[in-house]
Number of protein chains: 2
Amino acid sequence: MKTMPNDLLIARLQSHLALDESERNGLAGLPCQMRSMPGRNLALAGKLSENHVHMIIEGYACRYRDLADGRRQILSLLMPGDVIDLRQFVLGGMQPAVATLSVATLAAIPNASLFRLLEDHPRITTALWSTTLVEESISREWLVSIGKRSAIERMAHLLCETFLRLAAVGRTEGARFPLPLTQSELADALGLSTVHVNRTLQELRKSGQIAFQAGTVEIFDFNALAAQAMFSPDYLHLREMPLIGAVPA
Amino acid sequence: MKTMPNDLLIARLQSHLALDESERNGLAGLPCQMRSMPGRNLALAGKLSENHVHMIIEGYACRYRDLADGRRQILSLLMPGDVIDLRQFVLGGMQPAVATLSVATLAAIPNASLFRLLEDHPRITTALWSTTLVEESISREWLVSIGKRSAIERMAHLLCETFLRLAAVGRTEGARFPLPLTQSELADALGLSTVHVNRTLQELRKSGQIAFQAGTVEIFDFNALAAQAMFSPDYLHLREMPLIGAVPA
DNA sequence: CGCGGATTTGACACCTCTCAATGATGGTGG
DNA sequence: CCACCATCATTGAGAGGTGTCAAATCCGCG
């Protein structure tokens with residue numbers, strides 16, 4: 001039942017852009033070495049292999065920024081199928097710090113192999129780039145969330161977003177998905193205080209919109225939640241919407 | 001005293017990466033057509049020439065996102081030297097809406113000419129790319145601001161940032177620079193209400209940190225303002241810091 | 001001169017934060 | 001197997017920052 005790392009990459013790329021069989025085969029042939037990060041809250045700086053590109057296979061990570069006085073802002077959530085260091089691969093340069101948010105396993109793909117593949121398959125280049133564009137797009141949506149949405153809207157929005165991102169790579173089960181984040185980590189992502197995250201979650205639970213326990217979220221009525229959050233999925237640039245709601249028991 | 005459009009582009013690129021003379025000459029030879037946007041709050045969608053890349057010469061614009069219920073979030077400020085549609089030029093794809101925030105003049109450079117130039121000068125490609133990376137970096141910093149900084153810190157931070165960005169392209173005069181934004185536009189950028197922007201500005205004025213009238217800001221003590229905002233300029237990736245404070249009368 | 005948008009001011013509500021204490025939970029060592 | 005400890009979740013009380021509503025003033029512009 002476990003997808004192999006290459007399949008995950010294929011699924012992720014295809015969620016944005018359809019690939020043909022030769023392209024899929026090329027991706028499937030990519031050598032990749034598994035790498036397991038044993039714990040949560042591990043900074044990845046220096047822990048990634050030089051000359052490799054890394055994708056998250058299992059677990060969560062984040063990009064973040066620390067302020068001088070200890071406040072932290074999580075800039076983006078990285079989840080299975082996300083490539084961490086694609087931008088450096090092509091452009092080099094600066095990127096914010098990355099840390100795990102759970103035990104996680106990464107796949108490391110040698111730059112050289114990837115380069116070779118991209119020479120033969122320009123559309124894979126496009127597909128890879130589109131993942132970075134989607135990441136930017138998500139980042140802008142977070143700006144909207146934090147700037148303009150209320151606490152409960154922000155939380156609802158994040159849950160909708162995460163659900164669809166995971167669904168796109170087959171990591172949801174019906175309306176449930178893993179979200180092993182601490183309330184304080186959610187707070188740092190949403191620009192809220194820990195206490196308020198707690199109250200916000202309670203409100204969503206009490207109103208019957210979600211369940212959230214033991215690192216697993218269940219969304220009872222996605223459309224209602226999306227409406228409350230003013231969530232519209234365009235910015236995720238998914239080729240097709242996962243089937244929502246109509247999940248037979 | 002007015003810099004020509006090509007000089008502005010050169011200045012902007014050199015603010016991040018030094019160029020040699022042949023590269024500067026190449027840029028100086030780029031044909032570009034001036035385009036003036038007569039008013040504020042003009043959506044640029046459809047108003048830009050196809051197959052051209054546009055740079056702001058004078059005035060301000062912004063990327064923004066509107067929510068269903070009328071709330072608006074300004075995602076980034078575009079100012080002289082900023083290229084609006086560089087990403088589409090290379091990657092195509094989706095970008096948020098752009099609107100002017102003042103009367104503005106743009107320069108339109110034909111894609112073809114730019115392509116030709118880049119073939120001869122790979123470092124110009126790098127320099128251009130780095131402007132998009134800086135834009136992303138600024139965007140992340142905004143996320144930190146809105147997520148973690150107080151109203152007064154946010155405002156101070158935006159003023160510091162804007163000052164340095166303008167200084168990098170020679171658009172400041174001493175400690176003064178143009179900022180012809182409405183308080184309500186500042187509010188949309190900072191994730192605050194108009195009224196609170198007003199009070200925040202008053203506080204900064206009363207504490208003697210800035211003057212702000214008739215669309216012009218003056219920063220009396222940049223370092224103090226930066227300290228209050230927890231502003232550290234690294235994220236702007238400027239090659240050299242403009243001289244601050246020590247501006248002889 | 002009068003109009004419309006922008007700024008300013010006031011009063012008030014309320015969302016969210018902070019501080020603090022109390023319960024859960026899970027892992028660890030005795 | 002249980003006591004213990006750290007971390008996380010939850011709850012309460014209160015303060016304070018920020019938003020909303022509304023009105024007044026200012027200002028540029030036609």
Side-chain angles (χ1 to χ4, degrees), chain A residues 38-42 60 67 69-73 100-103 145-158 178-207 210-217 228-229, chain B residues 38-42 60 67 69-73 100-103 145-158 178-207 210-217 228-229:
Chain A
R40 35 190 310 113
N41 247 321
L42 252 57
Y60 281 77
L67 287 187
D69 66 349
R71 288 178 273 181
R72 147 180 308 201
Q73 176 68 40
T100 60
L101 291 172
S102 70
V103 294
S145 263
I146 299 187
K148 293 286 148 162
R149 283 188 250 255
S150 71
I152 200 164
E153 289 170 338
R154 277 181 232 181
M155 179 64 77
H157 196 276
L158 181 68
L179 190 66
L181 300 211
T182 265
Q183 291 186 353
S184 135
E185 287 158 349
L186 287 170
D188 285 342
L190 295 172
L192 296 170
S193 70
T194 305
V195 171
H196 206 63
V197 163
N198 183 290
R199 296 197 224 272
T200 302
L201 285 174
Q202 286 181 53
E203 199 171 332
L204 284 171
R205 281 191 280 242
K206 262 181 278 193
S207 67
I210 65 162
F212 188 172
Q213 48 197 314
T216 298
V217 174
Q228 165 155 30
Chain B
R40 36 190 310 114
N41 247 320
L42 253 56
Y60 280 77
L67 286 187
D69 66 348
R71 288 178 273 183
R72 146 179 308 198
Q73 176 67 41
T100 60
L101 292 172
S102 68
V103 295
S145 263
I146 299 187
K148 294 286 151 170
R149 284 189 250 254
S150 70
I152 199 164
E153 290 169 338
R154 277 180 233 181
M155 179 64 77
H157 196 276
L158 181 68
L179 190 65
L181 300 210
T182 263
Q183 292 185 356
S184 134
E185 288 158 350
L186 286 170
D188 285 342
L190 295 171
L192 296 169
S193 68
T194 305
V195 171
H196 206 62
V197 162
N198 182 288
R199 296 192 162 109
T200 302
L201 285 175
Q202 286 180 54
E203 200 172 333
L204 285 170
R205 281 190 280 242
K206 261 181 280 196
S207 68
I210 64 163
F212 188 172
Q213 49 196 317
T216 298
V217 174
Q228 166 157 27

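What you are looking at is a predicted structure, and each value in this text was computed from that prediction instead of being measured. Reminder, nothing fancy here: chain letters follow the sequence lines and each chain counts from 1.
What separates CG of B/L192 from C1' of C/dC15 is a distance of 14 Å, to the nearest Å. Remark: P of D/dG19 and CD1 of B/I146 are 11 Å apart, rounded to the nearest angstrom. Regarding B/F212, its CZ atom lies at a distance of 13 Å from the P atom of C/dA6, rounded to whole Å. In this structure, CG of B/L190 is placed 15 Å from C1' of D/dG17, rounded to the nearest angstrom. One interatomic measurement links the two molecules: CZ of B/R154 to P of D/dG19, which rounds to 7 Å at whole-angstrom precision. To the nearest angstrom, P of D/dC8 lies 15 Å from CG of A/L201. Remark: P of D/dG17 and CE of B/M155 are 17 Å apart, rounded to the nearest angstrom. Atom CD of B/Q183 and atom P of C/dT7 are 4 Å apart (whole Å).
Considering only side-chain atoms of B/H196, the nucleotide from D/dG19, D/dC21, C/dT16 that sits closest is D/dG19. Here D/dT10 is the nucleotide among D/dC8, D/dT18, D/dT10 with the atom lying nearest to any side-chain atom of A/R205. Here the side chain of A/R199 is nearest to one of D/dT20, D/dT18, C/dC17, namely C/dC17.
The shortest distance between the side-chain N/O atoms of A/Q202 and the OP1/OP2 oxygens of D/dT11 is below 4.0 Å. The phosphate of C/dT18 (OP1 or OP2) has no side-chain N or O of A/S193 nearer than 4.0 angstrom.
Using modelled atom types, no side-chain atom of B/T194 and backbone atom of B/Q183 make a donor-acceptor pair closer than 3.5 Å. Using a distance-only test at 3.5 Å, with no hydrogens or angles considered, no donor-acceptor pair links the side chain of A/S145 to the main chain of A/R154. Formation of a donor-acceptor pair under 3.5 Å by the B/S193 side chain with backbone atoms of B/H196 is found in this model. Judged purely by atom type and a 3.5 angstrom limit, B/R40 uses its side chain to pair as donor or acceptor with the backbone of B/P180.
Contact check for A/D188 versus B/K148: side-chain heavy atoms found under the 4.5 Å cut-off.
When each of B/V195 and B/E185 is assigned the nucleotide of DNA chain C bearing its nearest heavy atom, the one mapping closer to the 5' terminus is B/E185. In terms of position on DNA chain D, the residue among A/N198 and B/S150 whose nearest nucleotide sits closer to the 5' end is A/N198.
Counting non-hydrogen atoms under 4.0 angstrom, B/R71 reaches nothing in the nucleic acid. Across all strands, A/G191 comes closer than 4.0 Å only to sugar-phosphate atoms, never to a base (heavy-atom distances).
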